[in-house]
Amino acid sequence: MARALLDGLPTDSIPYTDSLVVRGDGCFEAVRSYGGRLWQLEAHLDRLARSATAIGLGSPDRDRLSEWAHTVAGSDDGIVRILLSRGDAVAGADLGPRCLVFCHPLPDPKPVVRLAPESAPWHPAGRPWPLAGIKTTSYAPNVAATRTARDRGFDDALLVSEGGLVLEGPTFCVAWVVDGRIETPSLDLGILASITRACSLEHARALGIEVVEGRWRVDRLAAASEVFSWSTVKEVCPVVAVGDRTWDIGPVMSRLAARFREAVSAHAGTGWLGQVTEGA
């Protein structure tokens with residue numbers, strides 16, 4: 001069962017006139033809870049503040065958001081979601097922002113994923129746009145891409161620009177390995193600045209693995225020896241297929257997954273491994 005607070009008060013619903021419901025107008029963060037320890041909460045709150053500023057939305061102060069996030073997390077594993085809305089979307093007046101914070105169980109993890117390349121004409125793909133890389137709640141195009149990929153028999157989509165550039169997944173970032181070097185789409189394409197991605201790239205550099213961020217067409221994957229994804233929910237997860245190309249789980253992804261597990265274990269308490277599994 002989800003535990004939820006609306007502006008700090010317990011709730012089991014959100015007003016149907018809220019801008020999140022009527023317009024999809026808001027921003028959000030999803031934070032992983034490991035036994036009640038919130039992974040990279042400050043980084044998530046930093047990104048939430050950037051998103052709120054980008055769409056002209058107010059927000060409760062950080063201490064209050066942090067308190068609410070810890071309250072709903074309790075001592076459980078799960079995902080804490082923090083959503084900021086513009087409030088009532090039909091009253092004809094600005095009634096100020098609302099904040100919904102809730103925690104829900106983790107979805108069943110897939111040990112590996114298979115992706116279908118899907119054209120993403122809505123993605124900025126490097127074009128100037130004020131909302132590029134902003135975590136808004138308007139995810140309908142991304143969700144549609146996931147649904148189309150699943151209809152084709154895949155687990156999820158790999159978003160590709162109209163010019164054929166690899167972008168990101170609907171809810172995750174991607175990377176691959178060529179000649180022992182990690183290649184990953186650069187943030188200037190307008191992809192989300194994934195916190196899991198940032199942590200994992202730090203780990204890669206600490207392990208002496210070269211990292212190159214840039215722009216590649218999807219056929220670059222033909223040269224890859226392994227492919228993987230990053231997200232709050234999936235952490236470091238192997239990609240074993242993109243379209244008709246396939247890969248085995250590789251050594252670079254495995255090293256990054258192990259290093260991520262060590263970092264989470266240190267954060268949550270010595271020896272804690274919880275639901276962190278290879279590639280989960």
Side-chain angles (χ1 to χ4, degrees), residues 24 26-30 51 79 81 107-178 182-197 200 212-250 253 279-280:
C27 57
F28 78 103
E29 283 294 321
S51 296
I79 301 295
R81 295 187 182 269
D108 291 335
K110 287 182 176 291
V112 299
V113 295
R114 300 171 63 253
L115 305 179
E118 299 289 347
S119 179
W122 64 88
H123 198 287
R127 298 186 299 270
W129 188 47
L131 298 185
I134 299 302
K135 202 171 176 70
T136 71
T137 55
S138 300
Y139 260 53
N142 287 24
V143 172
T146 294
R147 187 166 54 247
T148 298
R150 289 177 178 170
D151 288 345
R152 295 172 57 191
F154 292 83
D155 299 304
D156 214 325
L158 175 64
L159 304 183
V160 178
S161 76
E162 292 183 293
L165 294 176
V166 179
L167 300 171
E168 58 190 330
T171 60
F172 52 86
C173 288
V174 295
W176 55 89
V177 178
V178 175
I182 294 174
E183 297 179 349
T184 188
S186 59
L187 298 181
D188 64 9
L189 284 165
I191 68 173
L192 184 71
S194 161
I195 292 163
T196 306
R197 173 187 184 275
S200 201
V212 179
E213 301 178 61
R215 300 185 179 199
W216 289 274
R217 295 179 59 83
V218 71
D219 56 9
R220 176 61 172 173
L221 296 179
S225 58
E226 54 182 294
V227 183
F228 50 93
S229 67
W230 290 302
S231 75
T232 292
V233 174
K234 298 182 178 68
E235 300 161 341
V236 186
C237 182
V239 174
V240 296
V242 175
D244 58 4
R245 294 191 178 103
T246 61
W247 298 269
D248 295 325
I249 297 175
M253 192 288 309

N/O donor-acceptor pairs under 3.5 Å from side chains in residues 163-175, not counting sequence neighbours:
| unit_1 | atom_1 | unit_2 | atom_2 | d |
| --- | --- | --- | --- | --- |
| E168 | OE1 | L192 | N | 3.1 |
| E168 | OE2 | H123 | NE2 | 2.7 |

Give me the atom names and distance for the closest heavy-atom approach of [X] to [Y].
X    : Y    : answer
A193 : L187 : CA-CD2, 3.8 Å
V227 : A224 : CG2-CB, 4.2 Å
I79  : A30  : CG2-CB, 3.9 Å
S138 : P141 : O-CD, 4.2 Å
P185 : I191 : O-CD1, 3.5 Å

>> Among residues at least two apart in sequence or on other chains, which ones pass salt bridge (Lys or Arg N to Asp or Glu O under 4.0 Å) with E226?
In response: none
>> Can you list everything that forms a salt bridge (Lys or Arg N to Asp or Glu O under 4.0 Å) with D248? Sequence neighbours excluded, please.
In response: none
Which residues satisfy the side chain to side chain donor-acceptor pair (under 3.5 Å) test with [X], sequence neighbours excluded?
X    : value
R114 : none
S229 : none
W129 : none
R220 : E183

Could you tell me the separation between the [atom1] atom of [X] and the [atom2] atom of [Y], rounded to the nearest 0.5 Å?
X    : Y    : atom1 : atom2 : answer
T232 : R197 : OG1   : CZ    : 13.5 Å
L115 : D156 : CG    : CG    : 6.5 Å
D188 : R215 : CG    : CZ    : 4.5 Å
L189 : L159 : CG    : CG    : 12.0 Å

> Stepwise, does the side chain to side chain contact (heavy atoms under 4.5 Å, CB included) test hold for I182 with F228?
Replying inline: CA-CA 10 Å; I182 294 174; F228 50 93; 4.2 Å; yes
> What pairs of residues pass the salt bridge (charged side-chain N to carboxylate O under 4.0 Å, His left out) test when at least one of them lies in residues 120-130, not counting sequence neighbours?
Replying inline: none
Who are the side-chain contact (heavy atoms from CB on, under 4.5 Å) partners of [X], not counting sequence neighbours?
X    : result
A116 : E118, A149, R152, F154
P121 : S119, E162
D219 : R217, R245

>> What I want to find out is whether D155 reaches R150 closely enough, with some N-O distance under 4.0 Å, to be called a salt bridge.
In response: no
Check whether any side-chain heavy atom of [X] sits under 4.5 Å from a side-chain heavy atom of [Y], and report yes or no.
X    : Y    : answer
V212 : T184 : no
V112 : C237 : no
V233 : P107 : yes
E29  : R81  : no
T196 : S231 : no

> For W247, what residues pass the ring-ring contact (aromatic ring centres under 6.0 Å, His included) criterion, not counting sequence neighbours?
Replying inline: none
> Do the side chain of S51 and the main chain of T136 share a donor and acceptor less than 3.5 angstrom apart?
Replying inline: no
>> Under 3.5 Å, is there a donor on one side chain and an acceptor on the other for W230 and S200?
In response: yes
